[in-house]
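The chains referred to below are lettered A, B, ... by the order of the sequence lines, with proteins before strands, and numbering in each begins at 1. All values reported here derive from a predicted model rather than from experimental measurement.
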Number of protein chains: 2
Amino acid sequence: MQTRTTPAGRTGRPRSAAADAAILAATRAALVELGWSRLTLGDVATRAGVAKTTLYRRWAGKNELVVDAVAELFDELRLPDRGSLAADIEGAVLQFAAILSRPEAKSGLMAVVAESTRDAALRERIRASIVDRQKRLVLEGRARAQARGELPPENDPEEAARTVDLIFDVVAGAVVHRTLVSAEPADEEWVRGFTRLLLRGLVDASAQEAQKALEA
Amino acid sequence: MQTRTTPAGRTGRPRSAAADAAILAATRAALVELGWSRLTLGDVATRAGVAKTTLYRRWAGKNELVVDAVAELFDELRLPDRGSLAADIEGAVLQFAAILSRPEAKSGLMAVVAESTRDAALRERIRASIVDRQKRLVLEGRARAQARGELPPENDPEEAARTVDLIFDVVAGAVVHRTLVSAEPADEEWVRGFTRLLLRGLVDASAQEAQKALEA
DNA sequence: GCCATTACGCTACGGGTCGTAGCGTAAGCG
DNA sequence: CGCTTACGCTACGACCCGTAGCGTAATGGC
């Protein structure tokens, strides 16, 4: 999220930072009420109390505007140390799920991702302002787990990068799919099951389930 | 995919099945060339050699049309028995990835999913024509693995259903995220790594990696 | 204070898409 | 041959798009 205030060493009237905030908030409100397809820039401008031309002076179009509006939702994403890899994963996933449960995130994020398949610049914008911040959590969690001895240190840095990418796609993809496609909440129970599967794998997790059932 | 020919016991001129096929094909072609947002129903009608009004007589709007057009891409989805759970998973994931690698699937599918967050009927349509067919593969694969003894039989049917849903979200979500968000191909190498993670889990998979590195 | 510069609000516009209505024609069934 | 339904075509008001033009507001430099 780049600051939009006028860069130093420039003459002329500075851009209103308040207008930016109002526009992005109005965009999220419009996403909630109308969804992606019915959202119009004219409507957003009216909601924000801003002229339509001001919108076009700052953003190239609907896609870029929505990316920035949704990106702000991910500002709160943190990774508090919960003591174990499993707890860290559960915490991060629950935070991600909480953001994704908001209607403005659901309708906005997926729509721009869909558009980004035909627009490399848009894809890069999404990566920089949203995706990379999520991926950083994976890196942080991995480092902590290695420090705790829960995961072995990486030998091949290239292989390690591939693994991080893989885990990221699995975690983020699973939460998104659960929330948007299956349209069911990624609540604590689900997250526990997911974390167990991620850590121990399908075979071991199933065996554990069978074991529990036998004991009962 | 429901047949759109006139149901038996009806009078009047029957709907042209050829027109349906032409319209859906034209929709996919338009998705490839224009993407979701720039796709217009008027353009699709022209491409299909059909009047615009005919389109509106059959589909309520852009969303429903694209769902049906994309759904046809999933007709080829099968699960040949490859002898082991790992091989079955790899085969199914590679098929799914091949479909998702098409531009018409990328831009179309995610867009309608985004729209479905605000439209329960559309979500149900997607579920019936696309999602359920994928989920059936998970059920089939699980049954085979149990028959082979690779997975324990399920005791609690409710728990089993939850597990199937979980695995489905993980598999489909990971492939979608890899293909659309990370914008990199889910090729054989990636699928192998993913399958290992899914089966053995993060801890075991990492230990194996470290082991391999030590041996080398 | 005055000027250059940039941002803002407002209005107006051509162009495109939407979704529908109306009407004549085509293709089935009894 | 009639009845019924689908189709093609045209036309339409409504909406949204993205931009141009102009007067005004808010800065910094002199």
Heavy-atom contacts, protein to nucleotides 18-30 of chain D, under 4.0 Å, summarised as B (base), S (sugar-phosphate only) or - (none) per nt, yield BBB----BBB---
May I ask you to decide whether R142(B) forms a salt bridge with D88(B), counting only side-chain N to carboxylate O separations under 4.0 Å? no
Distance-only criterion, 3.5 Å: show the donor-acceptor pairs between side-chain atoms of residues 187-195 of chain A and protein atoms not counting sequence neighbours.
unit_1, atom_1, unit_2, atom_2, d
D187(A), OD1, W190(A), N, 3.1
T195(A), OG1, V191(A), O, 2.8

Q. Between T117(A) and V113(A), is there a donor-acceptor pair closer than 3.5 Å when you use the side chain of the first and the backbone of the second?
A. no
To the nearest angstrom, the CD-C1' distance between E64(A) and dC17(D) comes to 15 Å
L55(B) atom CG is separated from dG8(D) atom C1', nearest whole Å, by 13 Å
OP1 or OP2 of dG9(C) less than 4.0 angstrom from a side-chain nitrogen or oxygen of T54(A), does that happen here? yes
Rounded to whole Å, CG of D43(A) lies from C1' of dC17(D) at a distance of 14 Å
TODO: Report yes or no: is the cationic atom of K62(B) (NZ for Lys, CZ for Arg) under 6.0 Å from the centre of the six-membered ring of W36(B), at an angle within 45° of the ring normal?
DONE: yes
- Task: Could you check whether the rings of H177(B) and F168(A) sit parallel, tilted or perpendicular, using 30° and 60° as the cut-offs?
- Result: perpendicular
In terms of heavy-atom contacts, T179(A) and A186(A) come closest through OG1-CB, 4.5 Å
May I ask you to decide if P185(B)'s main-chain N or O and R178(B)'s side chain share a donor-acceptor pair within less than 3.5 Å?
yes
inquiry  = With a 6.0 Å cut-off (strictly less than), is the heavy-atom count around CZ of R123(A), excluding the residue itself, greater than 12?
reply    = yes
Rounded to whole Å, CZ of R15(A) lies from P of dT5(C) at a distance of 18 Å
Within residues 30-38 of chain B, those residues having any heavy atom closer than 4.0 Å to DNA chain D are none
